[in-house]
Q: 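Starting off with a structure, shown below.
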Amino acid sequence: MGACRNADLRSQKEKGQSGLAAFTQYAIQGTDMSKSDSLELYEVFLRSRRGLDHKHVGSLHAEDPEQALEYARDVYTRRGEGVSIWVVRSNDICASQEDDSESFFDPSNDKPYRLATYYQLPDEVNNM
Amino acid sequence: MSEDLEAKFLRKIEGEEKIEPKDWMPDGYCKNLIRQISQHAHSEVIGMQPEGNWITRAPSLRRKAVLLAKVQDEGGHGLYLYSATETLGISRDEMIHALQTGEAKYASIFNYPAQTWADVGAIGWLVDGAAIVNQVSLQRTSYGPYARGMVRICKEESFHQRQGYELMLVLARGSDDQKALAQDALNRFYWPSLMMFGPHDAESAHTAKSMQWKIKRQSNDELRQKFIDQTAPQIDFLGLDHPDPECKWNEERGHYDNGEIDWDEFYDVINGNGHCNRQRIEHHVRAHREGEWVRAAMQTYEARKKKAKAA
Ligand SMILES: [Fe+2]
Ligand SMILES: [Fe+2]
């Protein structure tokens, strides 16, 4: 496990910055796999149809962002899976830690009154 | 070349495809969007003021927590919408400046004061209710980031309306005084809520182009009718008097008829003469100024961190 990358993640975690927990693993794996200094790990996001959000689909190694984009096209969209691709350097992703999710997300767990279903209304007016 | 681009753009619009930030778009489309989305963002943020005023005076801890959560949501909605506007190449600073100098507008409804606790109920039920009718329709707007923002916002809005109606229901079933409070809030907020949909279609300056570009999917009058139709039975259920004596079910049309809106009042408030126009902007300017040291401290801290890292 790359000590440097790991330290990076830990410092992000200490700062309490949010991100997407799922990426942590990719980032850590990436350090293991990229023996060569010239290849960097990129995360790939696909928009499957116009109007939808880009969704994370996986990662790959590339020399630079332009190359990453072409590789992503070759390996992630061979069957017309997308109309738009984003690639982001894995190192640039700041992720929250699954282990910390309890304290990280805790403040919203005990507030059921944020949900519409918390308000019981009689049937006649329950369609709002 | 440019004709080609425009034709391609129009074909996408025609085919119900979304326009995304990096696509070519006509200048007018971009400007129109910036105007509408930033105005929407400003409305969310300014809209925190009338209700925020009641957080410390909520009658119970439960009501206080609910109101706090709602007002916090509205701040979040402002952020989603400012971010969507930024995808069109305008900065947050420019938008805040436009708001504070009166160059950009926000929904006139927020220039009405929340005078009593019942107003908090009426605002959730009617003002958020009207906003939901508009926002549900905008989930199908042609600009991708705006449409996706609307989907997110609509998911959160339902609680706003329901907590408001529930509050009204408690008052309407309470003592005579409480019922009177509810009736008074309804009377004051009903008409301004109808005005939230904007002028009649024939008078609306932006409607035609906006509809053609599918920025707006339904006209002001269509949306207003939808709101009138859904609200009449809700008023009835509360056992309150309808503020519009001419509001009657029209079997033939399949809709409620309604009396005419006081458009003089509408334009008067838009042009700055509402109860709270000055106060709302002054408050925003003050809050922004008072936050200056926080922004400065953040920048200083960032700079120091960078320097330490470099060393
Ligand atoms: Fe909102
Ligand atoms: Fe709301």
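Owing to the predicted nature of the structure, the values given are computational and were not obtained by experimental measurement. Chain naming here is simple, since letters A, B, ... match the order of the sequence lines and numbering starts at 1 in each. Only this structure's heavy atoms are used, side chains among them; waters, hydrogens and symmetry mates stay out.
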Q: Can you pull out the residues in residues 64-71 of chain A with any heavy atom less than 4.5 Å from chain B?
A: none

Q: Would you say the side-chain atoms of B/Q72 and A/R114 include a donor-acceptor pair closer than 3.5 Å?
A: yes

Q: Using only non-hydrogen atoms and a strict under-4.5 angstrom cutoff, which residues of residues 73-82 of chain A touch chain B?
A: none

Q: Heavy atoms, side chains only, cut-off 4.5 Å: are B/L169 and A/Y119 in contact?
A: no

Q: Of the backbone (N, CA, C, O) and the side chain (C-beta and beyond), which part of B/K12 lies under 4.5 Å from a heavy atom of chain A, both, or neither?
A: side chain

Q: What is the distance from atom CZ of B/R62 to atom OH of A/Y113, rounded to the nearest 0.5 Å?
A: 10.5 Å

Q: How far apart are the closest heavy atoms of B/R148 and A/L52, and which atoms are they?
A: NH1-O, 3.5 Å

Q: What part of B/A69 is in contact with chain A, defined as an atom under 4.5 angstrom from a non-hydrogen atom: side chain, backbone, both or neither?
A: both

Q: Above 12 or not: heavy atoms from other molecules or residues under 6.0 Å from CZ of A/R49?
A: no

Q: Heavy atom to heavy atom, less than 4.5 Å: which residues from residues 121-128 of chain A reach chain B?
A: A/L121, A/P122, A/E124, A/V125, A/N126, A/M128

Q: Does B/H255 have any side chain to side chain donor-acceptor pair (under 3.5 Å) partners at least two apart in sequence or in another chain, and if so, which?
A: B/D229

Q: Just wondering, are more than 12 heavy atoms of other shown residues or ligands nearer than 6.0 Å to NZ in A/K111?
A: yes

Q: For residues A/R47 and B/E20, determine if any side-chain heavy atom of one lies less than 4.5 Å from a side-chain heavy atom of the other.
A: yes

